[in-house]
Number of protein chains: 2
Amino acid sequence: MDVDAHHIRDAIREAIVERRLAPGTKLSETDVGSLFNVSRTLVRAALQALSYEGLVNVEKNRGAFVAHPSILEAQQIFAARRLIEPVILREAAQRIGKAEIRHLRLHLADEERLRNERGAAARRAEIKASGDVHLAIAEISGNAILKRFMDELVARSSLVIALYGRSVASSCGHDEHQQIVDALERRDVDAACALMVEHINHIEADLDLRSAEKGTDLRSALRL
Amino acid sequence: MDVDAHHIRDAIREAIVERRLAPGTKLSETDVGSLFNVSRTLVRAALQALSYEGLVNVEKNRGAFVAHPSILEAQQIFAARRLIEPVILREAAQRIGKAEIRHLRLHLADEERLRNERGAAARRAEIKASGDVHLAIAEISGNAILKRFMDELVARSSLVIALYGRSVASSCGHDEHQQIVDALERRDVDAACALMVEHINHIEADLDLRSAEKGTDLRSALRL
DNA sequence: GGAGCTTATATTGTATACAAAACAAAATGC
DNA sequence: GCATTTTGTTTTGTATACAATATAAGCTCC
């Protein structure tokens with residue numbers, strides 16, 4: 001199995017976004033390297049990439065840690081989403097067609113299915129599926145740069161929810177996703193934008209200012 | 001002089017943004033390394049960082065090149081700016097005060113001064129100063145994430161202008177910057193946003209995005 | 001027993017060594 | 001002469017070695 005830096009980065013990112021790796025967990029270079037059977041060189045590249053995405057903090061001479069967003073950062077992440085997602089939505093609305101609506105409905109069905117499943121694995125998949133709806137909309141906007149910005153915002157949001165989330169969050173979100181897509185389908189862009197902002201408000205309202213959990217076991221989190 | 005990866009990254013980025021490094025230029029690891037008296041390790045880290053910012057393309061087994069945005073990418077960069085900058089501007093307008101206005105006016109004065117100077121160095125500084133006005137506004141918005149997005153957009157815009165720019169671009173832009181700040185000062189946010197969109201339109205209008213990709217194939221074929 | 005210093009251990013930072021791939025040039029065959 | 005193969009050189013990809021720093025453990029002194 002040939003593993004490169006991208007593979008390691010993706011594996012760690014997925015673990016962070018699906019909250020198998022708790023914020024604050026130390027990502028030792030040698031540990032990660034031995035898990036993937038590669039040298040520290042590739043691990044460092046992966047960790048550096050993740051630090052650009054804001055998912056990992058690299059402290060000089062101390063090592064890399066799963067990011068631990070402050071409350072201020074959390075607020076800024078959601079503020080950014082409130083500002084950017086409506087304009088992306090408007091852009092997407094201009095280009096949306098039957099095929100795109102169908103694609104979004106597939107995502108919603110996925111969410112619905114996972115919501116009815118039991119178990120931790122289903123919960124993690126649901127978290128990812130929830131973010132994927134937002135990313136699918138960004139994809140429809142047709143702007144690769146905005147899509148990348150959303151990638152980062154969604155990933156970091158997941159981290160914030162892991163830290164400060166009260167309930168399992170996304171449970172209340174699915175209905176709102178559906179309403180947004182409904183509004184898009186009937187070409188009511190203003191309503192869709194309003195619903196989107198409300199949706200983001202709801203996610204943020206579910207957060208709490210409680211301190212974080214401790215780091216979890218690296219190996220089990222990466223499923224290795 | 002202790003040089004770390006950040007320093008190298010910043011130096012190369014500045015060279016790209018100020019257009020001393022032409023798009024397509026190959027950035028050999030050993031060459032850059034010997035230039036800074038460091039090993040390839042640090043150079044690789046710097047190039048990887050720049051590739052994440054979209055200023056450098058890293059091709060597997062071939063090396064790193066100053067990015068060479070396609071026409072589509074160029075259009076998407078300006079589309080993103082048209083969408084994001086107005087919302088940033090609104091956010092900034094809410095927090096702006098006398099001190100911030102004064103700070104912006106300093107930037108404008110800088111632009112004015114450089115505009116009246118002769119020589120290539122002044123032109124490069126003017127390019128940078130022009131972008132700095134947009135970044136200063138993003139800074140005032142108080143959202144570090146949006147500021148980072150703008151950092152990337154401004155830097156990549158500079159690259160696009162280097163490739164497709166007709167005139168020395170920013171010459172026509174200064175007056176518009178001034179008008180935007182004026183509108184901000186009299187708290188006419190709608191006007192400021194309209195001016196901002198117009199400003200971005202003007203920059204893009206000065207580009208020659210119709211013609212097939214100029215000397216691109218030639219330059220890369222010559223590997224310069 | 002605990003604060004502060006000293007030593008030991010582990011981890012990161014950087015350079016270098018070697019392998020693999022791409023590139024350029026010379027040699028070969030037609 | 002032209003296309004193709006072969007060889008040699010350069011450049012990147014990855015692992016490893018060594019230096020510098022931080023962390024942990026042990027020790028002294030009060």
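Lettering follows sequence order; numbering is per chain, from 1.
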Round to a whole Å and report the spacing from [atom1] of [X] to [atom2] of [N].
{"X": "A:E29", "N": "D:dT16", "atom1": "CD", "atom2": "P", "result": "15 Å"}
{"X": "A:E59", "N": "C:dT12", "atom1": "CD", "atom2": "P", "result": "12 Å"}
{"X": "B:N37", "N": "C:dT14", "atom1": "CG", "atom2": "C1'", "result": "14 Å"}
{"X": "A:D4", "N": "D:dA15", "atom1": "CG", "atom2": "C1'", "result": "16 Å"}
{"X": "B:F65", "N": "D:dT11", "atom1": "CZ", "atom2": "P", "result": "12 Å"}
{"X": "B:F36", "N": "C:dT14", "atom1": "CZ", "atom2": "P", "result": "15 Å"}
{"X": "B:L42", "N": "D:dT12", "atom1": "CG", "atom2": "P", "result": "15 Å"}
{"X": "B:K60", "N": "D:dT11", "atom1": "NZ", "atom2": "C1'", "result": "14 Å"}

message: Between A:E91 and A:R95 (salt bridge meaning N to carboxylate O under 4.0 Å), is one present in this structure?
response: no
- prompt: Does B:R82 pair with B:E204 as a salt bridge, N-O distance under 4.0 Å?
  reply: yes
task: Check the surroundings of atom NZ in B:K128: do more than 12 heavy atoms from other residues, nucleotides or ligands lie under 6.0 Å from it?
output: no
field: is_close_aromatic(B:H134, B:H107), centroid dist under 6.0 Å
entry: no
Can you tell me if the side-chain N/O atoms of [X] get under 4.0 Å from OP1 or OP2 in [N]?
{"X": "A:K26", "N": "C:dT12", "value": "yes"}
{"X": "B:S39", "N": "C:dA15", "value": "yes"}
{"X": "A:R62", "N": "D:dT23", "value": "yes"}

statement: Checking D:dA22, D:dT14, C:dT16 against the side chain of A:N61 (C-beta onward), the nearest is D:dA22
field: Selection from C:dT12, D:dT12, C:dT16 that lies nearest to any side-chain heavy atom of B:R44
entry: D:dT12
query: Could a donor-acceptor pair under 3.5 angstrom be found where the side chain of A:R40 meets the base of C:dG13?
result: yes
- line: The residue, A:V38 or B:S28, whose nearest nucleotide of DNA chain D is more 5′ is B:S28
message: Reading DNA chain C from 5' onward, which residue's closest nucleotide shows up sooner: A:T41 or A:G63?
response: A:G63
query: Distance from A:N143 atom CG to B:Q75 atom CD, nearest 0.5 Å?
result: 10.5 Å
